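Keep in mind that this is a model prediction, so the values were computed, not measured. Side-chain atoms are counted along with the backbone in the values below, which use heavy atoms only and exclude waters and symmetry mates. Naming convention: chains lettered A, B, ... in sequence-line order (proteins, then strands); numbering from 1 in each chain.
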Amino acid sequence: MRKLWLLLLATVTAFVLAACSDKGDGSSKDEVSEYRTVYSGEIKTLNYLKTAEANEFAMSANLIDGLIEYDQYGIVQPSLAEEWSANEDNTVWTFKLREGVKWVTHEGEEYADVVAQDFVEGLNYVLDAKNESSTAWIATVVKNGDAFYNGEITDFAEVGVKALDDYTLEYTMENPTPYFLSMLNYVCFFPVNGEFLAEKGDTFGTTKETTLYNGAFILDKFESQNERVLVKNESYWDKDNVYIDRIRYKYNKEALTVAPELFLRGEIDSAEIPTSVVDEWFNDEEKKSQLRQIRNNFYTYFYALNFNPQFDEEYEPQNWKVAVNNKNFRKSLYHALDRVSAMLTTEPFEPESLLNNTITPKNFVDVDGVDYTQLAPLADISNTDSFNSDLALEFKEKAMAELDGKATFPVKMVIPYNSGSPDWANRTQVVEQQLENLLGADYIDLIVEAGPSTGFLSEIRHPGKYALLEANWGPDYADPASYTDPFTEGGTYNKPELAEGYTDANGKSKYQNLVDAAKAEMDPAKRYELFAQAEAFLIEEAFVIPYAVGGTGYIASKLNPFEAQYSPFGVTLEKFKGQRLLEEPMSNEEFKEALAAWEQERTEALANAGE
Amino acid sequence: MGIYSEEISNISQKSNDNLFDFAIVDEKKAEQTGYSNYSYWRSTWQSFLKNRIAVFLLVVVGLIIAFVIIQPYLPYQKSPTEIYIDETTGSQARNIAPGSEFWFGTNSIGQDLWSRIWTGTRTSLFIGFVVAFAEVIVGISVGALWGFSRKLETPITQLYNIVENIPTTIVLILMSFILRPSISTIIIAMCITGWVEMARFIRNQIVILRDREYNLASKCLGTPSYRIILKNLLPYLISVIMLRMSLAIPFAIGAEVFLTYIGLGLPISEPSLGNLINEGRVLMMSPDLRYQLIFPSVVLSIITIAFYIIGNAFADAADPKNHV
Amino acid sequence: MLWYIGKRLLQSVLTLFIIITIVFSLLRLMPEEGYLGAAAEKMTPEQQEIILTNLGLRDPLLVQLGNFYMDLFKGELGTSVTYRTDVPVTTIISEKIMYSLLFGLGAVVMSLVIGVPLGILMAHMKGRWLDRLGTGYIVFVVAVPAAVYYIFIQMYVTDLFNLPLLFDEYNKMSWILPLTSMALAPTASYAMWMRRYMVDELNKDYIKLARAKGVKERTLMFRHVMRNAFIPMAQYLPATILFTITGSIYIESLYSIPGMGGLLVDAIQRQDNSVVQGLVLIFSSLGIIGLFLGDLAMALVDPRIKLGKGGSTR
């Protein structure tokens, strides 16, 4: 028996010794500026012509450059195109390319020059349906793009993109497109070296070796679910504006849970702080100065009232349909929703900062420095909080009187959420309780339902299995038309075209006609005014209840967000170019000051750019 | 027959009807032979009582079950799903530490953790019991047929090989994906694979027992198969069955935690121990909020350990070898 | 013997075939939106349709199945679709397998080294404090869901010994916790089985006889009791070792180890059919091979057992 004990002891000792001997072996920090972070969402490909996922956009943003980029105020700047021009009706766009930009391999060796033909090759790949590009829907803005994608045209020469010479590129549009520049930062308009693409075939973009780089960084290591390392591209055309030498992404399935702790231990330079622990950080003297709000993005969140209810008979969809077609009923919900209390589930400290009173968020587009949301038709809506319990109750009385005998009270409202999102689940419970308490259980009865985490859209939203639903939408190009897509005919949201009593003489819904009129107008000032009218109508009639903008939460980060390129379109926001690592993370006070200063500077910059 | 047939007919002719009666199967009389005052269940119970820890835990489990059922009707109980509003600030009573108002504190949106934990325990126990029952019933039926019927042996063996070799994880995940997240989904997913172990166990035991002399005797006497299974074989197996069942409950609870962990469990509007722990897990790095992880973990551990020990103790007690 | 192996092999192939077919069909029930990714929202229905057709999802199920088996016959597992687009499944899996194997084998060795002696000691000191302590440990580890105590270990032990929170290949300190955590459960079960078999064996008549004959206690323990107690364990060992390559979902995700456990969950969540099919093929084959090796091992350890007779009771 003693031998056994000895054996056991020896093994344990050996283990401990082996473990301890490596203690002093920590990697020493060298002089390079390195940014480290953890992630949980893995990228599946480097093939930027194929993907449409945010995580992969973040890679291509730093590895590949497109024709244009933005400065930190959101003004278009030259990138691979040095200058450009459009014809009178914005249907033909010509770009003069920068000379001497190189494609390099993963080892940093120069492979070829970036020429105009590379952009043609890129678009050809995207519009070829067999390549299953997820961004083809943007690229079809180009003449004959859709026809080529669907196979109606087989000769790519007929598609509206041409390399006039090595450094001149010309795009022809399907329709007048004044906002075409804003689409160029989508991956589908990125260049690709045709020879390399042909050589690699199906393996293009699957590994770091089968990808070519012309951007600020080169991929040095790519092991999925382990680590990704980006290093600075020494042949980059604008390398003086790249201040970070290395970016290290470490995988952790539970990134959200462990990131704050890793940040505190100095193992990473940026961590999102989950709402549930934000309290603790703010109450702690040391941690307090290290976290700040995340910058808002341009996603818009709203509650959609469904005009095509298809939920279970058990919950009386017909009854809901009668109720929702009553304006007073809708208005009562519109004014009853306390958006602050809903927002508290994700942003407990400054919920108001995220609320959005319109569908189009502010700072999106402007007319001579006047923000779109402050144009006459929308100004009122933008500047008042929709929550008003007195008005809500008033509308309730009216609705009950009008619907007496037509609808049965309480009206049952199915309000589903995606069970993959705990925040959404919590918010839905809050909304249910808040609405029922305010309007009374004799009036409405909200039924909270858990939807599937994958296939939520195709099982819940598309078939209309809801009465009230939190939904969101992100813009695709710099024009208010981008925010009308969900509500026009063919949209997959709440089908406001089915609302009763809003059909115009031409058989189309009133909203549709307003949008069509706006789309036909080319003068920006008038165009935006018309879009604002359409949007005001949508909100005024309470077809939707605007709720918030995206970008919820807090972050501890050593990056200064105001140095980054700024634009809601394409991959712009993901670029590290221009950003420096701070010694200390920005505190929330500093963030707010910087934000105020930035807004000031931006207004000036916009005004200057306008001239 | 042949040479004896004549003799047999002689005997039957000679014997007259009065001499022989058809015996009627009489259960009471059948049991009377070999009577002693030994009662299986009483002995089992008595030897179970000797294990004090197990008895204590049985009481604990009994109390928990009773409490979980009556808890909503007790005074001073809060609703598990209602979001409480802090009167001073007018906003949700978020992350309030345990105290006199909220006994176990509140979670990140102001729901009462005390009542959530008991509601969650109810859900988890319900899942555990249903799954255990289903496993036992299906497992015993299939196992008995498998062991007893020679015709069914090959097909069931093949079925067993298939179910056994599809990794359980894959079945659990796939089923939760294809069906919607709900209690019944979880139960179905767990039952699909759960019964095989039980069936195999029963089958092996039956194979061992079926050819023993007393069963051969029974067979020769013309006892129908179902009766042999029910009366001769299953009582032998009662201890193993009880053991399996009491282990199936902690296992089912564990599987629920697992499913929630990989994001396929019950929606959080329906509290269960799994999603309470999962919610708490996010907070593990903040000492002030750890109570949200610790409370449900402790309750869960008590329950699973209790079932495990009770099961083992009962299995020991139910083994007639230990009755002497 | 050869006849027996041949029969077993044929049976296994049939089983594998059925398993793959079932999983294949189940995968085709997954929501279609999952194949389209984040962009589904903005694509037109026609564009979605084109992508789904290109993926082969619009073919009849039998055609899809046929194609799959054709490829499999040629030895191809296909390329990944949504996990790592266009990368061969074999490449993906081979990247991961080493990590799971290292951790798995490490944990098996560790649990054998600790668990078996623990079981022996417990049997030896039955009813005394070590036995009680060991039993307490076993009950805890077996009964409480692993997810719970893994979290607590990561939470408190990293703090206590100042160990790294996440796994890093080049930092050996970061191997300790995941390995130890992984070894906890198997250690408990080895100890439990070892103890039970030893106790059973010690109660047998031949031991009493040997004792009566004056055989030394140590000889008794090592020559007789342990050998016999090992037999049932020998049956499960091959399968246990083979299965280490499937990795541990919890441990891998908690410590961010790039192994197979995470791969399976991710592949299913991303609905990467070819990766899932590849994994199922591997895992199921392992199960079947493990079973077979277990029977062989048992026959090797115990000459009394002969294979091929008395059906396949295990």
Checking heavy atoms, do the side chain of [X], its backbone, both or neither come under 4.5 Å from chain A?
X: Pro258(C); value: both
X: Leu118(C); value: neither
X: Glu32(C); value: neither
X: Leu55(C); value: both
X: Tyr255(C); value: backbone
X: Gln47(C); value: both

[X] portion near chain C, given a 4.5 angstrom heavy-atom threshold:
X: Phe204(A); result: neither
X: Phe57(A); result: neither
X: Ile43(A); result: backbone
X: Thr203(A); result: neither
X: Ser133(A); result: backbone

Nearest non-hydrogen partners of [X] and [Y], listed with the distance:
X: Asn252(A); Y: Leu254(C); result: ND2-O, 3.5 Å
X: Glu223(A); Y: Tyr99(C); result: OE1-OH, 3.3 Å
X: Asn54(C); Y: Glu132(A); result: CB-OE2, 3.1 Å

*Under 4.5 Å between any side-chain heavy atoms of Thr207(A) and Arg84(C), yes or no?*
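In contact.
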
*How about Ser224(A) and Tyr83(C): do any of their side-chain heavy atoms sit closer than 4.5 Å?*
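Side chain of Ser224(A) against side chain of Tyr83(C), heavy atoms only: contact under 4.5 Å found.
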
*When Asp266(C), Ile51(C), Val81(C) are compared by non-hydrogen pairs under 4.5 Å with chain A, the top option*: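 Maximum pair count with chain A is reached by Asp266(C).
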
*asked:* One thing to verify: whether Asp86(C) and Lys50(A) come together as a salt bridge, which I'm taking to mean a side-chain N less than 4.0 angstrom from a carboxylate O.
replied: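 Asp86(C) and Lys50(A): salt-bridged.
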
*So does Asp159(C) pair up with Arg265(A), basic N to acidic O under 4.0 Å?*
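Arg265(A) and Asp159(C): salt-bridged.
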
*Might you work through the side chain to side chain contact (heavy atoms under 4.5 Å, CB included) test for Ile50(C) and Asn150(A), ending with a clear yes or no?*
CA-CA 9 Å; Ile50(C) 287 175; Asn150(A) 292 332; 4.1 Å; yes

*List in chain and number order the residues that pass side chain to side chain donor-acceptor pair (under 3.5 Å) with Tyr477(A), two or more places apart in sequence or in another chain; answer none if no residue qualifies.*
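None.
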
*asked:* The criterion is side chain to side chain donor-acceptor pair (under 3.5 Å); which residues satisfy it with Asp476(A), sequence neighbours excluded?
replied: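 Asp476(A) satisfies side chain to side chain donor-acceptor pair (under 3.5 Å) with Lys42(C) once adjacent residues are dropped.
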
Just wondering, are more than 12 heavy atoms of other shown residues or ligands nearer than 6.0 Å to [atom1] in [X]?
X: Tyr299(A); atom1: OH; answer: no
X: Lys250(A); atom1: NZ; answer: yes
X: Lys216(C); atom1: NZ; answer: no

*Pick from Gly474(A), Ser458(A), Ser40(A), Gly490(A) with the largest number of heavy-atom pairs that fall under 4.5 Å of chain C*: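 Between Gly474(A), Ser458(A), Ser40(A), Gly490(A), the count favours Ser458(A).
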
*Among Phe456(A), Tyr251(A), Trp473(A), Tyr149(A), which has the most heavy-atom pairs under 4.5 Å with chain C?*
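So the answer, after comparing Phe456(A), Tyr251(A), Trp473(A), Tyr149(A), is Tyr149(A).
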
*In a check of side chain to side chain contact (heavy atoms under 4.5 Å, CB included) between Gln225(A) and each of Glu252(C), Lys96(C), Glu95(C), which one passes?*
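Per the side chain to side chain contact (heavy atoms under 4.5 Å, CB included) rule, the option paired with Gln225(A) is Lys96(C), out of Glu252(C), Lys96(C), Glu95(C).
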
_Within this structure, what is the OG1-CG distance for the pair Thr79(C) and Asp202(A), rounded to the nearest 0.5 Å?_
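The distance works out to 7.5 Å.
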
